[in-house]
Every structure is written in structure tokens, then in C-alpha cells.
Engineer: 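Have a look at this one.
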Amino acid sequence: MITHQSPYYITTAIDYVNAAPHLGHAYEKIATDVIARFYRLQGRPVRFLTGTDEHGTKVAKTAESKGLDPKVYTDRMSEQFKDTWTCLNLTYDRFIRTTDPDHYEVVASLWKTMQAKEDIYKASYTGQYCPGCENFLLERDINEAGECQIHLKKPDAVEEENYFFKLSHYKDDLRTLLKSEGFIKPEFRKTEILNMLEELEDISVSRPTDSVSWGIPVPGDPGQTIYVWVDALSNYITGAGYQHDDSLFQTFWPADCHMIGKDILRFHALYWPAMLMSAGVELPKSVYAHGFINLNDAKISKSIGNVVSPQDLVNRFELQNADPIRYYLMTVTTFGQDGNFTEDDFKSRVNADLANNLGNLVNRSLNMTQKYFDGLVPVLAGVDSGTLYQPDPTYLAEMTAYYTGLSDGHEEKKKWKDGYVFPSAESEPRFLNALFRNSDGYLPSQPLDQLLDDVRFKYQCFDFEFALFTTFFHLINPVNQFIDAMAPWTLAKEGDTEKLARVLYSVLERIRQVAILIYPVTPLLAQNIFEQLGYTVSEKNKELTLNGQPLQWDNLYEPLPFGQAIHLTGPLLPRLDSEIVGASGKKK
RNA sequence: GGCAUAGUAGCUCAGCUGGUUAGAGCACACGGUUCAUACCCGUGCGGUCGGUGGUUCGAAUCCACCCUAUGCCA
């Protein structure tokens with residue numbers, strides 16, 4: 001690994017263990033894993049934190065209802081989350097639990113620092129308390145008759161002593177932060193939070209232990225329990241070694257990105273930075289609020305009964321692994337916006353993109369290699385593989401002339417619409433150049449290296465949909481077209497071995513590149529491709545190694561070794577043809 | 001009720017700061033091919049861009065109001 005690159009620290013929201021993990025939880029974790037894998041490919045030291053939020057009355061009550069000690073209950077639930085993340089093949093570096101001992105220490109310490117700064121004070125709080133809920137009600141929990149929506153009883157006005165955090169004190173600093181470039185992502189969320197700022201008040205940060213006992217006690221006041229957000233948000237610094245591992249903390253803090261759902265942006269963009277300001281800790285560089293995923297057009301919720309876990313989907317569609325789920329979720333919508341997971345769309349998209357376009361391409365190419373070259377990557381006579389990606393002046397001149405010939409964008413678009421420049425038999429040598437040199441003859445408007453850079457840029461912007469669209473539309477599909485145009489089976493019949501070698505090599509080489517591009521999203525498919533291409537593949541420190549070397553983005557320009565023995569093992573991904581069962585779990 | 005985001009072909013979505021006949025993929029129809037996972041390649045079908053008004057020579061794109069969905073807040 002190249003270690004001179006700057007470290008990258010990304011976190012997910014920690015999940016509340018009161019409910020089992022479902023597709024919504026998975027969405028965020030997958031996106032974060034994609035980013036983590038992408039940055040590892042870039043050679044940056046990455047730290048990826050996820051975990052569970054385990055304190056609070058609800059959890060204590062649920063545990064009690066099952067006759068369990070809260071700790072025993074949360075032990076079980078956090079294992080369930082870990083199992084799910086294993087199923088999704090997540091590469092997190094630590095799974096933090098708010099019940100972890102070091103987290104207790106960090107929260108207590110953070111509290112004391114904020115208290116020493118005189119940002120925490122005690123005051124009385126009056127709220128509408130519902131005995132049925134064992135909690136204070138928010139306005140939205142109360143119906144028009146002034147009753148609790150759930151228990152249909154009027155709540156009691158209860159007054160209790162709480163500690164408060166001087167959030168309002170940080171209004172101006174927060175405004176400056178929020179307005180700064182790139183702190184809140186996507187950009188359109190900025191307005192929403194800035195508007196909230198004006199009505200910012202101090203927040204309650206503790207509850208009497210009588211009401212909430214399952215939590216971290218306030219230092220020096222055992223009668224109070226630290227409230228959920230101070231506890232939960234602090235996980236991000238605990239997970240970076242705050243006060244426990246100085247070298248880790250210095251390496252990875254401040255976090256590069258807190259990946260969260262749009263519902264909790266307020267806490268991450270206002271409360272959390274203010275707490276850090278108070279404690280004198282550096283602020284995270286960005287907070288990314290992603291959208292929600294619906295399931296078959298319905299909100300994912302217990303009451304609707306459409307809670308589906310990734311494991312459920314793997315079983316239902318008889319998937320070999322979760323890659324198709326990862327792929328679908330990352331392409332179903334523009335990241336940041338809400339999306340909809342539809343099961344028959346899932347099936348058809350996975351079949352079309354992964355099985356047919358990519359899978360079949362890999363399969364047909366390797367089959368031909370097996371058949372025509374005894375399973376060895378074709379050797380290009382008289383070509384030094386080290387020079388394959390060196391610019392070819394003749395070709396560059398040709399391309400330049402082509403671009404210059406286009407008077408404006410309109411004409412270029414027209415050419416695009418008229419169809420790609422198909423290689424005739426005569427133009428074939430140029431086309432081969434295109435496949436493994438700097439430019440791609442199929443798409444004259446976009447040289448190959450630009451396309452590859454474009455994919456990288458899209459990943460950097462968390463624009464996963466476009467990163468993959470570009471890969472499939474501009475890099476994979478053209479290879480299928482190329483194969484048809486070149487008709488290697490005809491070349492084989494005619495005995496034109498040299499040309500056959502060039503065509504097939506070009507195809508295999510492009511497949512190799514594509515495997516790198518899709519690796520962050522579908523790591524196991526990528527791994528399978530590398531294995532079939534004949535590489536010795538293993539995993540080390542959450543990185544893939546090919547022939548002993550860690551896979552890196554730069555490998556895009558390190559071509560497939562001539563003569564490498566491929567390892568054909570059958571279809572990359574079988575088509576999904578299983579019957580679709582209703583999302584709600586209803587039978588067919 | 002306030003703030004924010006979204007509402008575009010049967011389905012999932014692109015369309016940046018307004019400009020010639022609104023774009024992909026999937027699905028569907030027809031043709032071609034056989035190396036391949038009933039696959040791949042080609043052609044075609046398909047939309048009065050949520051509604052109503054307005055600004056403009058010109059709006060899916062800007063403004064106002066309304067309807068619907070989602071999140072936060074009250």
C-alpha cells in the first residue's frame with residue numbers, strides 16, 4: 001500500500017437495536033463500504049466505523065418484555081447486525097457499541113470537558129409525559145384531542161430537573177460552519193439546516209435515572225443519565241481512538257465523512273459540531289445525508305409489515321452473495337435522493353446488467369480463450385506488453401483531427417446519435433489501438449483515459465449511479481459490440497490467429513479493467529473475474545491482492561500478462577429466475 | 001401550519017445556470033448472429049415533462065398558487 005496518501009475516515013450512523021436490521025439500514029452501510037473500498041483502491045489508509053446504539057428506555061423495555069437483562073439483549077441484537085453486515089461483505093474496521101467500556105469513558109470525559117467550559121447547566125423541564133409510553137411526547141405524538149396517539153390518554157404535565165447544553169451559544173459559529181463549502185452534502189440540504197438555525201434553543205442532555213436508567217450516568221450525579229444524542233454522537237470519536245489511542249486519533253480525526261440518513265441531519269449538523277466546539281475537538285469535514293429506500297413503493301416499517309433483511313433477499317432469489325443487492329441499491333436512484341427497491345425491477349436489472357451484459361461477456365470471452373488458445377491469454381507477437389498504454393502519436397493525431405473536424409457540440413451529438421463509429425474490417429487495427437491505448441474508437445467523443453477518470457470522479461462525488469452507468473454503457477456494452485463486429489469465431493474458422501489474438505486480448509484486457517471499476521460496488525464479482533482471468537487472488541487487510549500485489553486503481557494501466565492461464569469456472573452470475581414472493585412475506 | 005426535497009415514456013431514472021424534432025436502461029415488437037448464461041448485435045414502438053396561471057422571441061428547465069409523496073420542525 002502507498003502510505004504517503006492522506007488517511008480517510010468514514011462513519012455510518014449507529015443503528016438502534018430496538019429493531020432488526022433491514023434493507024434501509026443496509027443501504028447506508030453498503031454505500032459507506034463502497035466509499036471505503038474505493039479509497040483503499042486509491043491507496044489511502046481508510047478507517048470505516050459502524051456499530052450499534054444500545055441505550056435508552058425503549059431498549060430496556062424491550063429487553064424486559066423478553067425477560068432479558070438489557071446487556072444480554074443488546075449483545076444478541078448487535079450480533080444480529082454484525083451477521084447482516086457479514087452477509088453484505090462490509091469491510092468495517094471497528095464495530096462500535098455504545099455499551100463498550102471505552103465509549104463510556106469517552107462520553108464521561110466529553111461531558112466533563114463541556115461542563116468545565118460551563119456549557120452544561122441544570123434546569124427544570126416541563127413536558128407532556130405519557131405513562132403508557134414511559135416517555136415525553138412530542139407535538140406530533142399528540143392528537144387533536146390532546147391525547148397520546150398510541151394510548152389515547154391525556155399525558156401528564158411533568159416537571160423534572162435536567163441538564164441542558166448551551167447549544168444556542170454556538171449559533172454564530174454553527175452558521176459559519178454550515179455555510180462553508182462542502183460541510184453539508186448534498187448541497188440542497190444546506191438551506192433546510194440553515195433555516196433551523198434561527199430557532200435554535202438549548203437542548204436537554206440528561207434524564208433523571210428514575211425515568212431512564214439504561215444509559216451512561218452523568219459524572220458526579222448518579223441521579224441523572226446522559227441523554228441519547230450526547231451518548232450516540234460521541235461514538236465517532238471513540239471509534240477513532242479519542243483519549244485511548246493517540247496515534248490512531250491523530251491519524252484519522254477529524255472524520256472525512258459522517259454518512260447518515262436525512263432524518264438525523266439536524267443532530268449531526270448542529271448538535272454534534274456544537275458539542276465538539278465546546279470540547280475543543282476538531283470538527284468533521286462533512287456530513288452526508290442520504291435518502292430513504294422504499295420497498296415495493298411502501299415505506300419500510302414494521303406496521304406495514306414489509307421489513308425485509310438482506311439475508312431474506314439472498315435466500316429468496318437464491319443469490320450466491322449480496323453483490324446483486326449492492327449493485328441494485330447503488331444504481332436504483334441518484335445517491336442522496338429517495339429510491340425504491342422493487343423486486344421485479346431488481347430481478348430484471350440484475351439479469352440485464354450483471355448476468356447478461358457483464359456476466360455473459362466474461363463467459364463468452366473466456367470460452368473463446370479456452371477454445372481458441374487452450375486457455376492461455378493470447379500473446380501478441382512482437383508487442384511489448386509494457387508499452388500497451390503508451391500514447392501512440394499516430395493515433396493521437398488521428399483523434400485530434402477528428403475532434404477538430406467537429407464544428408460544435410451539436411454536430412458531435414449528431415454523430416453520437418447516428419451511431420458509434422463501427423470498425424470495419426479495414427479499420428480494425430485502429431480499433432485495437434483504441435481498446436488498449438489511450439482512446440476508444442467506439443466512442444470518439446470520449447477517449448478511454450477520460451472515461452476511466454470520469455468513473456473515478458463519479459465515485460468521489462458519491463455518484464454511484466453514474467459511475468456504474470458509465471462503466472456499463474461506455475465500457476462494457478462497447479465490448480459486446482466489438483466482439484460482434486470482429487466475429488472472432490469467423491477469424492478462427494479462417495485461421496487468422498494473429499488477428500484473433502489481438503481481438504481476444506483486447507476484450508480480456510477491457511474486462512480486467514472493468515473488474516477494477518466495479519470492485520467497490522461488487523467486490524465478489526470482481527474477484528471472480530480476476531480469478532477466471534487467471535490471477536491468484538487473496539484478501540489481505542480488507543484489500544484484494546492479485547498475484548500477491550494489492551489491487552489498486554492504478555492497475556487500470558497494467559495490462560493482463562501475456563500467456564497467463566485462465567481459470568474458466570462457468571457463469572459469473574446465473575440469471576435470477578426464481579418466482580417472486582410478495583415483499584410483505586405473503587405467499588406468492 | 002412552516003422549511004426542504006421530489007412528481008418526466010408501462011417500470012426505474014437522466015436532463016447543469018431556459019434555446020432547434022425531451023434522453024437512457026428495462027419491458028415490448030421485428031430483423032441478424034451463434035463464441036456465450038433463451039445470450040449478444042441492429043431497428044422500431046412508446047411521453048401534451050403532476051395541475052393551473054405568469055415572465056420570455058422561446059420553459060421540463062424561472063416565478064406564483066394548487067394537488068400528491070417523503071424528511072425535519074411547530
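Letters go in sequence order (proteins before strands), and every chain restarts at 1.
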Engineer: Report yes if at least one side-chain N or O of A:K299 is closer than 4.0 Å to OP1 or OP2 of B:rG71; otherwise report no.
Structural biologist: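 For B:rG71, OP1/OP2 do have a side-chain N/O of A:K299 under 4.0 Å.
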Engineer: So which one's nearest nucleotide on RNA chain B is more toward 5', A:A352 or A:E192?
Structural biologist: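 Its nearest nucleotide lies further toward 5', so the answer is A:E192.
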Engineer: For the pair A:D454 and A:K458, find out whether any cationic side-chain nitrogen is under 4.0 Å from an anionic carboxylate oxygen.
Structural biologist: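 A salt bridge links A:D454 with A:K458.
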Engineer: Once you apply a heavy-atom cut-off of 4.0 Å, does A:L573 come out as touching a base, just sugar-phosphate, or nothing?
Structural biologist: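 Base, at least one base atom sits under 4.0 Å.
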Engineer: Between A:K171 and A:D202, is the closest basic N to carboxylate O distance under 4.0 Å?
Structural biologist: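 So A:D202 does not pair with A:K171 through a salt bridge.
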Engineer: Might you confirm whether atom CD of A:E198 has over 12 heavy atoms from other residues, nucleotides or ligands at distances under 6.0 Å?
Structural biologist: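 Yes.
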Engineer: Ignoring the backbone of A:K262, work out which of B:rC72, B:rU37, B:rG71 is nearest its side chain.
Structural biologist: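 Comparing B:rC72, B:rU37, B:rG71 against the side chain of A:K262, the answer is B:rG71.
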Engineer: Measure from CG on A:N340 to C1' on B:rU5 and round the result to the nearest Å.
Structural biologist: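 Checked: the CG to C1' distance equals 16 Å.
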Engineer: For A:Y519 and A:F38, run ring pair (Phe, Tyr, Trp, His ring centres under 6.0 Å): C-alpha distance rounded to whole Å, both residues' side-chain angles, the deciding distance at 0.1 Å, then the answer.
Structural biologist: CA-CA 8 Å; A:Y519 169 78; A:F38 170 77; over 10 Å; no
Engineer: Quick one: label A:F472 by what it contacts on the DNA or RNA (base, sugar-phosphate, nothing), any heavy atom closer than 4.0 Å.
Structural biologist: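 It contacts nothing in the nucleic acid.
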Engineer: Quick one: which of B:rU70, B:rU12, B:rA36 gets closest to the side chain of A:F292?
Structural biologist: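 Closest of the options to the side chain of A:F292: B:rU70.
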Engineer: Let's see if you get this right: which residues in residues 319-330 of chain A place a heavy atom under 4.0 Å from RNA chain B?
Structural biologist: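 Contacting residues: none.
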Engineer: Ion pair present between A:D344 and A:K347, side-chain N to carboxylate O less than 4.0 angstrom?
Structural biologist: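 Salt bridge: no.
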Engineer: Closest approach to the side chain of A:M368, judged atom by atom: which nucleotide of B:rG71, B:rC35, B:rA4 is it?
Structural biologist: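 Per side-chain heavy atoms of A:M368, the pick is B:rC35.
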Engineer: Could you state the CZ-C1' distance from A:R349 to B:rC26, rounded to the nearest angstrom?
Structural biologist: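 Those two atoms, CZ and C1', are 8 Å apart.
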Engineer: Which dot-bracket string describes RNA chain B (Watson-Crick N1-N3 plus N6-O4 or O6-N4, or G-U N1-O2 and O6-N3, all under 3.5 Å; [ ] crossing; | other strand)?
Structural biologist: (((((((..((((.....[...)))).(((((.......))))).....(((((..]....)))))))))))).
Engineer: Check whether any side-chain N or O of A:N357 sits under 4.0 Å from OP1 or OP2 of B:rC40, and answer yes or no.
Structural biologist: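 Result: yes.
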Engineer: Quantified in whole Å, what is the C1' atom distance between nucleotide B:rG18 and nucleotide B:rA59?
Structural biologist: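 Approximately 6 Å lies between the C1' atom of B:rG18 and that of B:rA59.
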Engineer: Taking the basic N atoms (NZ, or NE/NH1/NH2) and the acidic carboxylate oxygens, is any pair closer than 4.0 Å for A:K499 and A:E494?
Structural biologist: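 Between A:E494 and A:K499 there is no salt bridge, as every charged N stays at least 4.0 Å from the carboxylate O atoms.
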Engineer: Which is true for A:T334 with a 4.0 Å heavy-atom rule: it touches a base, it touches only sugar-phosphate, or it touches nothing?
Structural biologist: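 Result for A:T334 = sugar-phosphate.
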Engineer: Other residues, nucleotides and ligands only: do more than 12 of their heavy atoms fall within 6.0 Å of CD on A:E159?
Structural biologist: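 Result for CD/A:E159: enclosed.
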Engineer: Could you state the CG-C1' distance from A:D263 to B:rC3, rounded to the nearest angstrom?
Structural biologist: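 Whole-Å distance recorded here is 16 Å.
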Engineer: If the P atom of B:rA24 is compared with that of B:rC62, how far apart are they to the nearest Å?
Structural biologist: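 Taking atom P in both B:rA24 and B:rC62, they lie 23 Å apart.
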Engineer: Is there a side-chain polar atom (N or O) of A:N356 under 4.0 Å from OP1 or OP2 of B:rC40?
Structural biologist: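 The answer is yes; a side-chain N or O of A:N356 sits under 4.0 Å from OP1 or OP2.
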Engineer: Could you check if a side-chain atom of A:V521 sits within less than 4.5 angstrom of a side-chain atom of A:I30, using non-hydrogen atoms only?
Structural biologist: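 Not touching, per the 4.5 Å side-chain cut-off.
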Engineer: Measuring to OP1 and OP2 of B:rA4, would you say a side-chain N or O of A:K190 lies under 4.0 angstrom away?
Structural biologist: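 For B:rA4, OP1/OP2 do not have a side-chain N/O of A:K190 under 4.0 Å.
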Engineer: Would you say that A:L354 contacts A:Y327 through its side chain, given a criterion of any heavy-atom pair below 4.5 Å between the two side chains?
Structural biologist: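 A:L354 vs A:Y327: side chains touch.
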Engineer: Using the side-chain heavy atoms of A:F473, tell me which of these nucleotides is nearest: B:rA24, B:rU12, B:rC13.
Structural biologist: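 Looking only at side-chain atoms, A:F473 lies closest to B:rA24.
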Engineer: Can you tell me, in whole Å, how much space there is between the C1' of B:rG51 and that of B:rC40?
Structural biologist: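 It comes out at 44 Å once rounded to the nearest Å.
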Engineer: Which is true for A:G339 with a 4.0 Å heavy-atom rule: it touches a base, it touches only sugar-phosphate, or it touches nothing?
Structural biologist: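 If one applies the 4.0 Å heavy-atom cut-off, A:G339 turns out to touch the sugar-phosphate alone, with no base involved.
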Engineer: Give the rounded distance in Å between these two atoms: CG of A:L468 and P of B:rC13.
Structural biologist: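 Taking atom P of B:rC13 as the reference, CG of A:L468 is at 16 Å.
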Engineer: Taking the six-membered ring for Trp, are A:F317 and A:F346 closer than 6.0 Å centroid to centroid?
Structural biologist: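 Aromatic pair counts; centres sit under 6.0 Å.
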Engineer: Quick check: A:Y288 with A:F335 (ring centres under 6.0 Å apart)?
Structural biologist: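 Under 6.0 Å, so yes.
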Engineer: So if I take every side-chain heavy atom of A:Q337 and compare against B:rG25, B:rC41, B:rU5, which nucleotide ends up nearest?
Structural biologist: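 Nearest to the side chain of A:Q337 among the choices is B:rU5.
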Engineer: A:N480 CG to B:rU37 P: how many Å, rounded?
Structural biologist: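 Those two atoms, CG and P, are 14 Å apart.
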Engineer: Of the nucleotides B:rC13, B:rC73, B:rG32, which has the atom closest to the A:R266 side chain?
Structural biologist: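 The nucleotide sitting nearest to the side chain is B:rC73.
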Engineer: How would you list, by chain and number, every residue that makes a salt bridge (charged side-chain N to carboxylate O under 4.0 Å, His left out) with A:K190, sequence neighbours excluded?
Structural biologist: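 Scan of A:K190 (salt bridge (charged side-chain N to carboxylate O under 4.0 Å, His left out), adjacent residues dropped) gives A:E187.
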Engineer: As a test of reading the structure: which of B:rA4, B:rC41, B:rC26 is closest to the side chain of A:T191, going by heavy atoms?
Structural biologist: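 Closest of the options to the side chain of A:T191: B:rA4.
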Engineer: Whole angstrom is fine here: how far is it from CD in A:E343 over to P in B:rA27?
Structural biologist: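 One finds 18 Å between P of B:rA27 and CD of A:E343, rounded.
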Engineer: Rounded to whole angstroms, how far apart are CG on A:L265 and P on B:rA4?
Structural biologist: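 For the pair A:L265 CG and B:rA4 P, the rounded distance is 14 Å.
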Engineer: Taking the minimum atom-to-atom distance to the side chain of A:D345, which one of B:rU37, B:rU12, B:rC35 wins?
Structural biologist: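 Of all the options, the side chain of A:D345 is nearest to B:rU12.
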Engineer: Could you tell me how far B:rU52 sits from B:rU61 if I compare only their P atoms? Round to whole Å.
Structural biologist: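 Roughly 12 Å separates the two P atoms.
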Engineer: Start at the 5' end of RNA chain B and walk down; is the nucleotide closest to A:F188 or to A:G359 reached first?
Structural biologist: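 Its nearest nucleotide lies further toward 5', so the answer is A:F188.
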Engineer: Classify the ring geometry of A:W229 against A:H268: parallel below 30°, tilted from 30° to 60°, perpendicular beyond 60°.
Structural biologist: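 Geometry flag for A:H268 against A:W229: perpendicular rings.
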Engineer: What integer number of Å spans the C1' atoms of B:rG19 and B:rG31?
Structural biologist: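 One C1' to the other, the span is 38 Å.
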Engineer: A:L572 has an atom CG; how far is it from atom C1' of B:rU37, in whole Å?
Structural biologist: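 It is 10 Å, rounded to the nearest whole Å.
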Engineer: When you measure from the side chain of A:R575, which nucleotide among B:rU37, B:rC13, B:rC73 comes out closest?
Structural biologist: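 Out of B:rU37, B:rC13, B:rC73, the nucleotide with an atom closest to A:R575's side chain is B:rU37.
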Engineer: How far, in whole Å, is B:rG50 from B:rU70 if one measures between their C1' atoms?
Structural biologist: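 Result for the C1' pair: 16 Å, nearest Å.
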Engineer: Determine the Euclidean distance between corresponding P atoms of B:rC45 and B:rC13; express it in Å to zero decimal places.
Structural biologist: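 It works out to 25 Å between them.
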Engineer: Given the P atoms of B:rG23 and B:rU48, what is the spacing between them in whole Å?
Structural biologist: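 Roughly 15 Å separates the two P atoms.
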